[in-house]
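For reference, positions follow the sequence shown, starting with 1.
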Amino acid sequence: MSSNPVAETVASLMPRAKEELTELVAFQSVADFDQFPRSESEGAARWVADALAAEDFQDVALLDTPDGTQSVYGFLPGPQGAKTVLLYAHYDVQPPLDEAAWTTPPFELTERDGRWYGRGAADCKGGLIMHLLALRALKANGGVPVHVKVIAEGSEEMGTGGLERYAEEHPELLAADTVVIGDAGNFRVGLPTVTSTLRGMTMVRVQVDTLAGNLHSGQFGGAAPDALAALIRVLDSLRAEDGSTTVEGLLGDAGWEGLQYEEEQFRRDAKVLDGVELIGSGTVADRIWARPAVTVIGIDCPPVVGATPSVQASARALINLRVPPGVDAGAATKLLQAHLEAHTPWGARVSTEQIGEGQPFRADTTSPAYQAMAAAMAVAYPGQEMQYAGQGGSIPLCNTLAALYPRAEILLIGLSEPEAQIHAVNESVSPEELERLSVAEALFLRTYAAS
């Protein structure tokens, strides 16, 4: 990184950043209060609020959103007549999955092989630290040249829409000229990237019932309809032979025109086992950024340990469908539900329930904010040109903000590059990426203010 005062300040702040990320990662802030204590999320929210207050933010508030979680808001005034920039991140995290599979405890930030490991280190508690670093660097080098709003969401990973609904009810709160979403990531470490599209998503729970109660498989098996077998058939109908998603009525042939993802690189990033084929057709970028993708993320059925020889009376599954840009998530949900009902065999009773939704997003990459970010990243990443990529995941708030503030420019950057392994065991963040992106964000704010 070329020497400049902002970069030097960020570098000097990195030990403090590690200490703060350690404190923030320690909160088990999973917004599923059936599994994790509400107090952990509330503690993380208070930590964020205190951090904003310490940086002279005004109007710092814990917002009670309609889904029962808290988002944290603060406003840092800039010069009179300056533009307003909204900085977004979320402090809630995914569950750690199998804690025994982690090399080090998931809620203890641990340095190993040049990376910092812990749940939320990249997605997205590290994004909050990135915002703080950028603002501190500017304050130490002439001041923050724009009005800054920060919003830290408390339930992004659950997709329950609390902040979206709160924003719709208080449309003036998050109004800004530009929004920087700190919840995306570079295409690979060291390659500056903005995310220009996001797939949306819908979550649907499906339940199949066939009997009044479980039956002895020796006495009734072969004629009694097995609910688990029926569910397996339903779920199998969601994929073609090559693994492509096949929800009836949902188009799956769109292509991606931008940055491409080489198949061998994807295999390494995804840690695909030797000899196992990738699924779907088209380029990897087509499949993960431009087309729908269905994933069965959970099944309720008897575990192998302790199972009895029984015909199952009921079974249910939770299905996640990623919705490509240009497709309405609500319409995709109806198609998915109709498909599940149409493919349930043997006259079994089937019910479906949507439990979460987020719309896809496509940015305007021709805007002045994108020019300012490209210039900033060229300094933070010498010799590298900013790239445009898609992201298969969804950030539901993006479309809400785009609808509320149609003139606002929205940029997506962040720390979730492939090595970060977000949502998996051993999630980690590259401290070098945290440092460079913090410099880029600071320089962006300065360049954008002058544009």
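A heavy-atom distance below 4.5 Å is found between the side chains of Glu385 and Gln387. When side chains are defined from C-beta on, Thr245 counts as touching Arg239, because their heavy atoms get closer than 4.5 Å. Residues Glu419 and Val189 meet the side-chain proximity criterion, which asks for heavy atoms closer than 4.5 Å. With a 4.5 Å cut-off on side-chain heavy atoms, Thr400 and Leu174 do not count as touching. Side-chain contact between Tyr117 and Thr103 is absent, with no heavy-atom pair separated by less than 4.5 Å. Between Leu401 and Leu86 the shortest side-chain heavy-atom distance falls below 4.5 Å. Inter-residue side-chain proximity for Val206 and Gln337 is flagged as unmet; no heavy-atom pair is nearer than 4.5 Å. Side chains of Gln384 and Leu191 form a contact here, defined as non-hydrogen atoms less than 4.5 Å apart.
Arg119 places a side-chain N or O within 3.5 Å of a backbone atom of Pro95 that can act as its donor or acceptor partner. Looking only at distances, no side-chain donor or acceptor of Thr65 sits under 3.5 Å from a matching main-chain atom of Tyr166. At distances below 3.5 Å, not a single donor-acceptor pair connects side-chain atoms of Arg322 with backbone N or O atoms of Ile288. Under a 3.5 Å cut-off, the side chain of Gln28 and the backbone N or O of Ala26 do not form any donor-acceptor pair. Although no hydrogens or angles enter the test, the distance criterion places a donor-acceptor pair under 3.5 Å between the side chain of Asp177 and the main chain of Thr84. The main-chain N or O of Asp50 is never found under 3.5 Å from a side-chain atom of Trp47 such that the two would form a donor-acceptor pair. In this structure a side-chain-to-backbone donor-acceptor pair under 3.5 Å is present from Trp102 to Pro96. Between the side chain of Ser217 and the main chain of Pro309, a donor-acceptor pair closer than 3.5 Å is present. A donor-acceptor distance shorter than 3.5 angstrom exists from the side chain of Gln260 to the backbone of Gly258, with no hydrogens or angles considered. With Arg205 contributing its side chain and Leu318 its backbone, the two residues share no donor-acceptor pair below 3.5 Å.
With no hydrogens or angles considered, a side-chain donor-acceptor pair links Thr178 and Tyr448 at under 3.5 Å. A donor atom on one side chain and an acceptor atom on the other are found under 3.5 Å apart for Glu432 and Ser430. Using modelled atom types, one finds a donor on one side chain and an acceptor on the other under 3.5 Å when comparing Glu409 with Ser367. Using modelled atom types, one finds a donor on one side chain and an acceptor on the other under 3.5 Å when comparing Asp67 with Thr160. Between the side chains of Ser29 and Asp92, not a single donor N or O lies within less than 3.5 Å of an accepting N or O.
Atom CD1 of Ile319 is separated from atom CD1 of Ile355 by 10.5 Å, given to the nearest 0.5 angstrom. In this structure, the separation between CD on Glu153 and CG on Leu163 is 4.5 Å, given to the nearest 0.5 Å. Remark: Leu87 CG to Leu445 CG distance equals 6.0 Å, nearest 0.5 Å. Put simply, OG1 on Thr283 and CH2 on Trp256 are 10.0 Å apart, with the number rounded to the nearest 0.5 Å. With rounding to the nearest 0.5 angstrom, the CD atom of Gln359 is 12.0 Å from the SG atom of Cys398. Within the model, atoms NZ of Lys125 and CD of Glu20 stand 13.5 Å from one another, a figure rounded to the nearest 0.5 Å.
Between Ser155 and Gly162, the closest heavy-atom pair is OG-N, 4.3 Å. Closest approach of Ala389 and Trp289 over heavy atoms only: CB-CH2, 4.0 Å. The shortest heavy-atom contact between Asp209 and Gln207 is OD1-NE2, 3.2 Å. Across Glu441 and Ala134, no two heavy atoms sit closer than the pair OE2-CB, 3.6 Å. Here the shortest heavy-atom pairing between His423 and Leu97 reads O-CD1, 3.3 Å. When every heavy atom of Val311 is checked against every heavy atom of Pro225, the shortest pair comes out as CG1-O, 3.9 Å.
Around CZ of Arg267, the count of heavy atoms belonging to other residues, nucleotides or ligands within 6.0 Å exceeds 12. The environment of Glu262 atom CD is sparse: at most 12 non-hydrogen atoms of other residues, nucleotides or ligands sit within 6.0 angstrom. Crowding of Glu169 atom CD: a count of heavy atoms from other residues, nucleotides or ligands under 6.0 Å exceeding 12. Atom CZ of Arg112 is surrounded by more than 12 heavy atoms from other residues, nucleotides or ligands within 6.0 Å. The neighbour count for Arg188 CZ, taken as heavy atoms of other residues, nucleotides or ligands under 6.0 Å away, does not exceed 12.
A salt bridge links Arg436 with Glu433: at least one charged nitrogen is closer than 4.0 Å to a carboxylate oxygen.
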Kindly indicate, with the supporting measurements, whether the criterion side chain to side chain contact (heavy atoms under 4.5 Å, CB included) is fulfilled by Leu133 and Met14.
CA-CA 8 Å; Leu133 280 171; Met14 288 303 292; 4.0 Å; yes

With salt bridge (charged side-chain N to carboxylate O under 4.0 Å, His left out) as the criterion, how do Lys149 and Glu172 come out once you've worked through the C-alpha distance, each side chain's angles and the decisive distance to 0.1 Å?
CA-CA 12 Å; Lys149 296 179 178 181; Glu172 75 292 340; over 6 Å; no

For the pair Leu336 and Thr352, evaluate side chain to side chain contact (heavy atoms under 4.5 Å, CB included) and give the outcome as yes or no after the intermediate values.
CA-CA 9 Å; Leu336 175 59; Thr352 62; over 6 Å; no

Candidate pair Val350 and Val234, rule side chain to side chain contact (heavy atoms under 4.5 Å, CB included), full reasoning:
CA-CA 10 Å; Val350 58; Val234 174; over 6 Å; no

Applying side chain to side chain contact (heavy atoms under 4.5 Å, CB included) to Phe444 and Ile413, what does each step give before you reach the verdict?
CA-CA 12 Å; Phe444 159 76; Ile413 62 173; over 6 Å; no

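For Phe57 and Tyr73, the gap between ring centers reaches or exceeds 6.0 Å.
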